[in-house]
Amino acid sequence: MLMMMRATIAASSSSLKVGYGSRSSTSRLRLRGMLPCLLHSSSAVVVFFDNYLALFHSRASKSTEPRNTQQHQRGKITDVEDALNMFDEMLQRRPLPSVFPFNQILTELAKMKHYSAVISMNNQMVVSGIRPDVYTLAIIINCFCHLNQMEFGLSVLGNFFKLGFEPNVTTCNTLINGFILQNRVAEAATLFNKILDSGNCKPNVVTFGTLVKGLCAKGNNTAAIQLLKKMGEGACKPNIVIYNTIIDSLCKDTLVADALNLFSEMTSKGIAPDVMTYTSLVHGVCKLHDWKEATRLLNEMVSKHIFPNVYTFNVLVDTFCKEGMVQEARSVVEMMIQRDIEPSTITYRSLMDGYCLRGEMDKAK
DNA sequence: CTAGGGTTAG
């Protein structure tokens, strides 16, 4: 059973495709000017990974030590394989561990998007006599939602009552998010109103954030901003996630001026921008070929000790590649490696597209 | 230990 699951997970790694983009030539000199501000900004090696994965995800990749040795020494999980091994081992332990460490493993696997694995593992747990708790059920609902199986997700609600639990805000937020993932924003809103009426649990800032995201996904920035304004009047004040969601949505529509307005609004309210805010803005101005503004933003973030991470760098790599400047893209990748930021498959995909584009251009000559 | 935000491509 577990062997089959392993094979499925191993096979599910994404396949690579190569695409060709269309091109327009622009002022390359100024685009190139984005590089120095990054080169000179290295005040310290930044800890780009927060501790949300710390329990299982150490930065073991940098070590030359074999993974198994490490795992046995520290009891930490570094990848899917380790998670599954630990899960097996825990199921065989007597007495059985509590549901808590199992939840931890399921959480990590869900973060790695192995949703169906999480669901089958949960079934195994139940068979082995481990009682799910509120956390487990929320994890399962979330997995069903991400698998586009909302109906199954909703049916887990039945288990709550069977087990004597009451759904909480997190449960509701998860379901609302599930509807939104399927673009069923109306049903999400209905559920939201039901929560309000029932009085069992109050919507919180995450609830609002989920709705804002749904409105943005529908392309309704105006409604998202209206909701933001309403929040400003109510008890549940908008936070950085809400602002970032809308700022990103505006940037995707290249409404950078509006995005910058929200940006100053949030800072004036004492909400400090973070690396996500700046990544969205940089992305927005890159789309507009405004290299000068991109450089300004990069300088500004670094001056605030907010350092570009893999997302930010990927935006830059992709931008350079789309401009046909593969050499510059490569030097960004070099920069990433120097800073201990591992380039991702997305980085390399952009590079590959960049090289394909070069090939096309050379052929055209 | 559970929920919302930023990167590529088709």
Side-chain angles (χ1 to χ4, degrees), chain A residues 14-21 52 55-56 97-111 118 132-143 145-146 153 156 160 165 167-178 180-181 188 195 201 203-217 224 238-249 251-252 259 273-284 286-287 301 306 308-319 321-322 329 332 336 341 343-354 356:
Chain A
S14 59
S15 59
L16 283 173
K17 280 184 191 160
V18 180
Y20 300 85
Y52 84 108
L55 193 60
F56 292 127
S98 76
V99 69
F100 173 81
F102 287 101
N103 284 346
Q104 287 178 308
I105 293 183
L106 298 190
T107 302
E108 296 311 312
L109 282 173
K111 279 188 179 142
V118 170
D133 62 5
V134 205
Y135 295 92
T136 326
L137 296 179
I139 297 168
I140 299 306
I141 293 179
N142 197 26
C143 288
C145 290
H146 281 278
V156 177
F160 269 90
F165 305 130
N168 55 22
V169 210
T170 305
T171 323
C172 299
N173 289 344
T174 309
L175 288 168
I176 291 175
N177 187 46
I180 281 169
L181 286 174
I195 300 173
C201 44
N204 58 16
V205 69
V206 178
T207 322
F208 282 103
T210 310
L211 286 175
V212 164
K213 167 79 181 166
L215 292 170
C216 290
N239 63 8
I240 184 158
V241 176
I242 310 252
Y243 275 104
N244 282 352
T245 306
I246 304 177
I247 286 174
D248 183 65
S249 181
C251 286
K252 289 224 163 79
D274 64 6
V275 63
M276 291 194 190
T277 326
Y278 276 106
T279 301
S280 295
L281 290 170
V282 168
H283 194 192
C286 280
K287 278 181 144 181
M301 67 186 283
I306 300 164
N309 63 11
V310 63
Y311 288 86
T312 327
F313 280 116
N314 281 348
V315 167
L316 299 178
V317 169
D318 192 61
T319 300
C321 285
K322 285 199 164 89
V332 175
M336 294 171 75
I341 301 166
S344 62
T345 53
I346 291 172
T347 322
Y348 292 115
R349 180 179 280 238
S350 293
L351 269 182
M352 282 171 68
D353 285 357
C356 289

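Scope of the values below: all heavy atoms of this structure, side chains included, with no hydrogens, waters or symmetry mates. Throughout, protein chains are lettered first and strands after them, A, B, ... in sequence-line order, and every chain is numbered starting at 1.
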- Message: Suppose we call a contact any N or O donor and acceptor under 3.5 Å apart; does that hold for the side chain of A/Asn142 and the base of B/dG4?
- Response: no
Problem set entry | Donor-acceptor pair between A/Thr136 and A/Asp133 side chains, under 3.5 angstrom | yes
Legend entry - Check: A/Asp274/A/Thr277 side-chain N/O donor and acceptor closer than 3.5 Å: yes
In whole angstroms, the gap separating P of B/dT2 from CD1 of A/Ile105 amounts to 14 Å
Between CZ of A/Phe165 and C1' of B/dT2 the distance, given in whole Å, is 12 Å
Is the side chain of A/Ser249 donor-acceptor paired with the backbone N or O of A/Thr245 at a distance under 3.5 Å, no angle test? no
Checklist line | Distance below 4.0 Å between A/Lys111 side-chain N/O and B/dC1 OP1 or OP2 | finding: no
Among the nucleotides B/dT8, B/dT7, B/dC1, whichever has the atom closest to the side chain of A/Arg349 is B/dT8
Among the nucleotides B/dG6, B/dC1, B/dT8, whichever has the atom closest to the side chain of A/Asn103 is B/dC1
**Prompt:** Within less than 4.0 Å of OP1 or OP2 of B/dT7, is there a side-chain N or O belonging to A/Lys252?
**Reply:** yes
- Query: Any donor-acceptor pair under 3.5 Å joining the side chain of A/Asn204 to the base of B/dA3?
  - Reply: yes
Tell me if a side-chain donor or acceptor on A/Asn239 pairs with a main-chain N or O of A/Ile242 at a distance below 3.5 Å. yes
task = Would you indicate what A/Val317 reaches in the nucleic acid, counting non-hydrogen atoms under 4.0 angstrom: base, sugar-phosphate, or nothing?
result = nothing
At 4.0 Å (heavy atoms only), tell me whether A/Leu106 reaches a base, stays on the sugar-phosphate, or touches nothing.
nothing
Side-chain contact check for A/Val241: nearest option of B/dT8, B/dG4, B/dT2 is B/dG4
Sorted by chain and number, sequence neighbours left out, side-chain hydrogen bond (donor to acceptor under 3.5 Å, both in side chains) with A/Thr312 holds for A/Thr279, A/Asn309
Q.
Check for me: is A/Tyr311 stacked on B/dT7 by the 5.5 Å centroid and 30° plane-angle rule?
A. no
Separation of B/dT8 atom C1' from A/Leu351 atom CG, nearest Å, is 11 Å
Separation of B/dA3 atom C1' from A/Ile180 atom CD1, nearest Å, is 11 Å
Quiz item: Contact class for A/Val205 vs. all strands (heavy atom < 4.0 Å): base, sugar-phosphate, or nothing?
Solution: base
Worksheet item: Is the distance from OP1 or OP2 of B/dT7 to the nearest side-chain N or O of A/Lys322 less than 4.0 Å?
Response: no
Which of B/dG4, B/dT8, B/dT2 is nearest the side chain of A/Asn168? It is B/dT2
Whole-Å distance, A/Asp353 CG to B/dT7 C1', equals 13 Å
A/Ser280 meets the side-chain hydrogen bond (donor to acceptor under 3.5 Å, both in side chains) criterion, sequence neighbours left out, with A/Asp248
From CG of A/Asn309 across to C1' of B/dT8 the rounded distance in Å is 15 Å
Of the candidates B/dT8, B/dG6, B/dG4, the side chain of A/Val206 sits closest to B/dG4
Rounded to whole Å, CD of A/Glu108 lies from P of B/dT2 at a distance of 8 Å
Exercise. Looking just at side-chain N and O atoms, do A/Asn177 and A/Asn142 make a donor-acceptor pair shorter than 3.5 Å?
Worked result: no
Distance test, side-chain N/O of A/His146 to OP1/OP2 of B/dT2, below 4.0 Å
no
Mind checking if A/Ile240 touches a base, just sugar-phosphate, or nothing, with heavy atoms under 4.0 Å?
base
Per atom distances to the A/Asp318 side chain, the nearest of B/dA3, B/dT8, B/dT2 is B/dT8
query = At under 4.0 Å between heavy atoms, what does A/Thr210 touch on the DNA or RNA strands: base, sugar-phosphate, or nothing?
reply = sugar-phosphate
Side-chain N or O of A/Asn314 closer than 4.0 Å to phosphate OP1/OP2 of B/dT8 = no
With the side chain defined as heavy atoms from C-beta on, A/Met276 is closest, among B/dT2, B/dT8, B/dG6, to B/dG6
Taken to the nearest whole Å, CG/A/Asn173 to P/B/dG4 is 9 Å
